[in-house]
Amino acid sequence: MSKIKLTSIAIKVNGVVREAQVEPRTTLVDFLRDTLFLTGTHIGCEHGVCGACSVLVDGDPVRSCCMFAVQADGLSVTTVEGLAPERGKLSAIQDAFCEKHAMQCGYCTPGMLIACHALVERNPHPDEAAIREAISGNLCRCTGYQQIVDAVKHATGAKSGAHD
Amino acid sequence: MKAAAFDYVRPDSLRETLELLEQHGDDAKLIAGGQSLVPMMAMRLTRPALLIDINRLAELKNLKRSAGSILMGAGTRQRSVEDDTALHAQLPLVKCALAWVGHAQTRNRGTVGGSLVHADPSAELPLAALILDARLHLKSKAKGERELPVSEFFLGPMFSDTGATECLTAIEWPVWERQGTGAAFDEVAIRHGDFALASAAAQVQVDAQGVCLRANVGAGGVDGVPRAFPAIAERLVGQRLDNDDLLRSVAVDATATCEPGNDPHASAEYRRHLATVLMERVLRQAAWAAAASFEGSK
């Protein structure tokens with residue numbers, strides 16, 4: 001293929017329709033970061049293992065490295081930048097992550113927040129097993145996951161475990 | 001790691017899809033959920049010249065329920081099956097299997113048909129389809145419709161009997177009688193949701209006295225294709241299933257026919273060990289679930 005062919009797309013990102021011309025091979029995460037400069041979504045493995053690039057597509061968490069931007073044409077995408085209710089405020093989950101020290105290096109945090117948000121949307125009072133299942137697709141190499149589980153429990157009003 | 005350049009088209013109908021496949025053949029690749037294909041493209045294990053996106057084709061998402069079977073569009077998302085509790089009652093093994101398929105993020109995109117066509121020997125849905133003896137419906141422009149049992153579909157690792165111009169359109173899942181039927185799925189993976197080192201699945205039907213009427217068991221990750229052992233499981237028919245020696249002998253004999261590979265994650269010997277332990281376990285769990293299905297009606 002000698003000439004680069006571009007495709008026109010329009011994706012609603014964090015409530016705003018963004019139009020662009022992309023190469024079909026551009027992944028959704030590269031589009032978000034490099035074209036829209038929404039660098040909150042992190043790139044980890046680029047092949048669907050680490051979950052750092054998780055975003056919501058039409059409300060459901062997906063890995064934005066395993067989806068081409070052209071596939072999101074006409075769909076609605078929410079990134080970590082779109083989770084807070086308004087500028088300067090944090091969502092309940094984001095606040096709980098601070099409260100419970102659910103991050104250290106912060107690399108996995110955007111993906112974790114997306115996964116936890118999606119969980120609470122579907123299940124407002126998850127038990128610990130549901131929380132662990134919901135974040136099972138996201139790798140964290142710092143926290144040992146416990147504080148992340150605690151944060152979700154904190155945000156959803158569940159009692160934390162005996163380790164507190 | 002970025003995919004090689006390709007052209008992209010999103011047809012509006014199955015007819016258009018089949019025309020494109022006829023025209024481009026091996027140069028084209030269908031993309032449904034893309035949860036296996038996109039990583040393979042990122043690693044340049046595959047580099048199609050044309051990607052045909054069938055992800056939004058409503059024709060591939062139909063679900064037709066009848067008494068004896070369920071005809072499920074190949075493009076049905078794994079997550080929508082996971083959310084369909086009525087379907088769980090009819091296809092208990094599919095429900096059990098889905099709990100092990102990837103992660104929420106991948107099940108939101110991944111499709112049932114995509115998983116079958118991809119034919120990963122350690123994948124859960126292919127194993128469930130084999131145990132239930134599902135039938136597959138494929139379509140191409142030149143040859144029209146073709147049906148085959150899933151037992152003839154998996155040809156080797158990542159290799160299914162899907163022609164270059166064909167599209168898997170539907171999966172016909174046999175439904176077992178609800179009362180007396182129990183299913184179980186179990187696996188060992190390095191991390192929950194990762195590829196299984198070995199997996200096992202079973203579905204059994206018992207009468208009110210606990211005597212087995214019907215049974216099938218199988219294992220994944222222990223051969224080039226997922227394996228089901230209907231002939232060995234037949235031994236359970238007419239027997240009570242609360243007999244650990246019987247269940248173990250089925251698991252041992254089934255494992256003996258498998259040829260697992262060695263890789264850095266697990267030796268062949270370890271995979272064999274897992275297959276035996278897991279098959280015995282899922283048979284026992286399926287038998288418990290089958291017995292429990294009578295409790296509500298007594």
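This structure is a prediction, so every number in the text was calculated from the model and none was measured. Throughout, protein chains are lettered first and strands after them, A, B, ... in sequence-line order, and every chain is numbered starting at 1.
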Heavy-atom closest pair, residues A/Val49 and B/Arg191: O-NH2, 2.8 Å
Side chain B/Asn108, main chain A/Pro61, donor-acceptor under 3.5 Å: yes
Portion of A/Arg122 that has a non-hydrogen atom of chain B nearer than 4.5 angstrom: side chain
Over 12 foreign heavy atoms within 6.0 Å of CG, B/Asp26: no
Residues, nucleotides or ligands: over 12 heavy atoms within 6.0 Å of B/Arg15 CZ: no
Steps toward side chain to side chain donor-acceptor pair (under 3.5 Å) verdict (B/His103, A/Ser136): CA-CA 7 Å; B/His103 307 282; A/Ser136 68; 3.3 Å; yes
Side chain / backbone / both / neither for A/Val55 at chain B, heavy atoms under 4.5 Å: neither
Winner by heavy-atom pair count (cut-off under 4.5 Å) against chain A, out of B/Thr106, B/Asp83, B/Leu51, B/Leu37: B/Asp83
Pair A/Asp60 + B/Arg79, salt bridge at N-O below 4.0 Å: no
Where A/Gln71 and B/Asp53 come nearest, the two heavy atoms and their spacing: CG-OD2, 3.5 Å
Lys/Arg N to Asp/Glu carboxylate O, A/Glu133 vs B/Arg107, below 4.0 Å: yes
Closest-packed option against chain B by number of heavy-atom pairs under 4.5 Å, given A/Val57, A/Ile114, A/Leu75, A/Thr27: A/Leu75
Choice from B/Asn55, B/Asp194, B/Val38 maximising heavy atom contacts with chain A below 4.5 Å: B/Val38
Non-hydrogen atoms of B/Gln105 and A/Ala115 that approach each other most closely: NE2-CB, 4.1 Å
Exceeds 12 heavy-atom contacts within 6.0 angstrom, atom CD of A/Gln21: yes
Contact origin within B/Met1 toward chain A - heavy atom pairs under 4.5 Å: both
Toward chain A, the part of B/Ala3 with a non-hydrogen atom under 4.5 Å: both
4.5 Å side-chain heavy-atom contact, A/Lys5 and B/Tyr8: no
Interface moiety of A/Asp30 toward chain B, non-hydrogen atoms closer than 4.5 Å: side chain
A/Glu46/B/Lys2 under side chain to side chain contact (heavy atoms under 4.5 Å, CB included): CA gap, chis, key distance, verdict: CA-CA 8 Å; A/Glu46 291 198 292; B/Lys2 313 287 181 191; 2.6 Å; yes
Atom group of B/Ile31 that falls short of 4.5 Å from chain A, counting heavy atoms: side chain
More than 12 heavy atoms of other groups within 6.0 Å of A/Lys12 NZ: no
Heavy-atom closest pair, residues B/Arg56 and A/Asp73: NH2-O, 2.6 Å
Of all pairs that satisfy ring pair (Phe, Tyr, Trp, His ring centres under 6.0 Å), the ones with a partner from residues 103-124 of chain A, not counting sequence neighbours: A/His42-A/Tyr107
Part of A/Leu139 lying under 4.5 Å from any heavy atom of chain B: both
Heavy-atom donor-acceptor pair, A/Arg25 side chain to B/Phe6 backbone, under 3.5 Å: no
B/Met40, part contacting chain A, at a heavy-atom distance under 4.5 Å: neither
Side chain B/Arg10, main chain A/Val70, donor-acceptor under 3.5 Å: yes
